[in-house]
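Report on the structure given below.
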Amino acid sequence: MMPSQGPGDAPGVRGEDVSAGPSGGARASATDDVLVRIRDLTFRRGERTIFDGLDLDIRRGAVTAVMGPSGTGKTTLLKLITGQLRPDAGRIEVDGVAVHELDKAALYRLRRRMGMLFQSGALLTDLNVFDNVAYPLREHTDLSPSLLRKLVLLKLEAVGLRGARALRPSELSGGMARRVALARAIALDPEIILYDEPFTGQDPISMGALVSLIRQLNDASNLTSVLVSHDVAEATRIADHIYLISQGRVVAQGSPTEIAAERSTWVRQFMDGQPDGPVHFHYPGPALAADLLNRGGR
Amino acid sequence: MLLDPLARLGRSGLDVLARFGRGHQLLLAMVLGVGEVLRRPRLLIAQVYNVGVLSMLIVGVSGLFVGMVLALQGHYVLARFGAAESLGLMVAASLVRELGPVVTALLVAGRAGSALTAEIGLMKATEQLAGLELMAVDPVRRILVPRLFGGVLAMPLLAAIFSAVGVLGGYFVGVGLLGVDAGAFWSQMQAAMDVREDVVNGVIKSLVFGVVVTWIALFQGYDCSPTSAGVSRATTRTVVHGALAVLGLDFVLTALMFGG
Ligand SMILES: Nc1ncnc2c1ncn2[C@@H]1O[C@H](COP(=O)(O)OP(=O)(O)OP(=O)(O)O)[C@@H](O)[C@H]1O
Ligand SMILES: [Mg+2]
């Protein structure tokens, strides 16, 4: 079994600014450097509780990595932060504004300041690579065609795909598609960017380039980055702060060095990738023997 | 146990009602988004091409055959009463009032409606719609609205093509094959067809069918469950619901227009 809140109290900065609390939705201007503040988040999918009283802070200008076993709800968390899903309880504030209380117009205004890289890429399949990256620029700015072209080519250059600009998404490999999606996500120079598994399907070279790109973007333009990843090594390499979540809660958090020094069995098992331990590889269900003996049904 | 079937019935009833409600919400959102097509007429033109121009061949060919069959059948009845000269009128009136709008709408539901549903459904399944939303682009306005108004504009034009080609088909069979007098064919038609009574009513029907068929197609795509089976089910539903809605509404509209 997973310790319900055990290791969370060991390392790091827990309880740092809980005192600020939910500040009634008013813009918390001078209070702190927290851009995304999640308090007591509860979210369910049918019978299954995905988040159960989750607290999480994302600091301005930092790279925050969110890690956890597959299926714990990392993608769901990003969808909650961007307002695609609404929480069943709790608050999610971005820059002091409760995302889940915004109307559509206000939500769209907020999203212009966000970039998100989908796990699947989510490129428009009827447009080529160039037009995909140009899309948000054409939608939200009045740039002249020549300036637009320069900007798009620069973004594509950053992800190493300037030469692929005429290809269609169906002609890209999975890793290339994800890099195009990254170029599109940064096209509007957002203030906060959310990466859902950017490293999946990248070879060591493009992986290294991506890691330094994410770091560079973050530092050059004082961006705030949220990085969801399984990739323990890469995530610890670029993150300023790490959250490990499991079964709806934060299991451990802290800087990479603090996490590396963390002794709890759960954290060690996850970070070192051992198959045995408190983390379960299997989705919850009846015991295998019982399931195999059970005739009929499914 | 005993109540299970009842509970299932209730649940599916609620599902149908909820879907009905979502459909109307979507229609309202699309109508409110009309500004989008005025601001970006190019999107609209692309969709008129998509729904209209690409359906022209099937609509034209169908119109030709329907007109020819009408002339054959009509001549058989009219000749018994010595009224074969009225063949032109009969063919034109049936086409413009009834068959033009209805058959065109059925063809569009099958040809363009199913394509719209599959397109939107696949965009949903591959997270393209969610991606647009995250770029602060409203997919209802950007993707659905131009398609709705494109369909509504294309439908009467297609029906007009259907009727015109149908009349020509009737002319070939009636005058060319069956020996009806050409002058009588055209003059009877000219004298008895009324712009308001026949043509305008036909156009109104077409516009209504255009709204309904495109709306059903777009809603099925937008509301489908984002899986291969979901998209395929939605495509089927577009054709079935679209055809039933057209035939049912045609009865209502005909009763209102010509019943009194
Ligand atoms: N549309 C949905 N309907 C119902 N349940 C869902 C849906 N999407 C996700 N879930 C459930 O929510 C849980 C969290 O899913 P999520 O995609 O957030 O996981 P994740 O942490 O991103 O996993 P991975 O690392 O494999 O991407 C999963 O257990 C999944 O079964
Ligand atoms: Mg995920």
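So that the names make sense, note that chain A is the first sequence line, chain B the second, and so on, each numbered from 1. It should be emphasised that the depicted structure is a prediction, and the values quoted were computed from it without experimental measurement.
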For Leu132(B), is it the side chain, the backbone, both, or neither that has a heavy atom closer than 4.5 Å to a heavy atom of chain A?
-> side chain

Going by the angle between their ring planes, with limits at 30° and 60°, are Trp215(B) and His24(B) parallel, tilted or perpendicular?
-> perpendicular

Chain B contact via Leu123(A) - side chain, backbone, both or neither, heavy atoms under 4.5 Å | backbone

Check each atom of Arg184(A) against the heavy atoms of chain B and say whether the ones under 4.5 Å are side chain, backbone, both or neither.
-> side chain

So do the side chains of Asn128(A) and Arg165(A) get within less than 4.5 Å of each other, counting heavy atoms only?
-> no

What option among Met114(A), Met116(A), Arg111(A) has the most heavy-atom pairs under 4.5 Å with chain B?
->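 Top option by heavy-atom pairs under 4.5 Å: Arg111(A).
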
Run the numbers on Gln220(B) and Thr238(B) for side-chain hydrogen bond (donor to acceptor under 3.5 Å, both in side chains), then give the verdict.
-> CA-CA 6 Å; Gln220(B) 291 298 349; Thr238(B) 290; 5.5 Å; no

Would you call Lys74(A) and Asp196(A) a salt bridge, taking side-chain N to carboxylate O under 4.0 Å as the test?
->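 Looking at Lys74(A) and Asp196(A), the cut-off is not met.
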
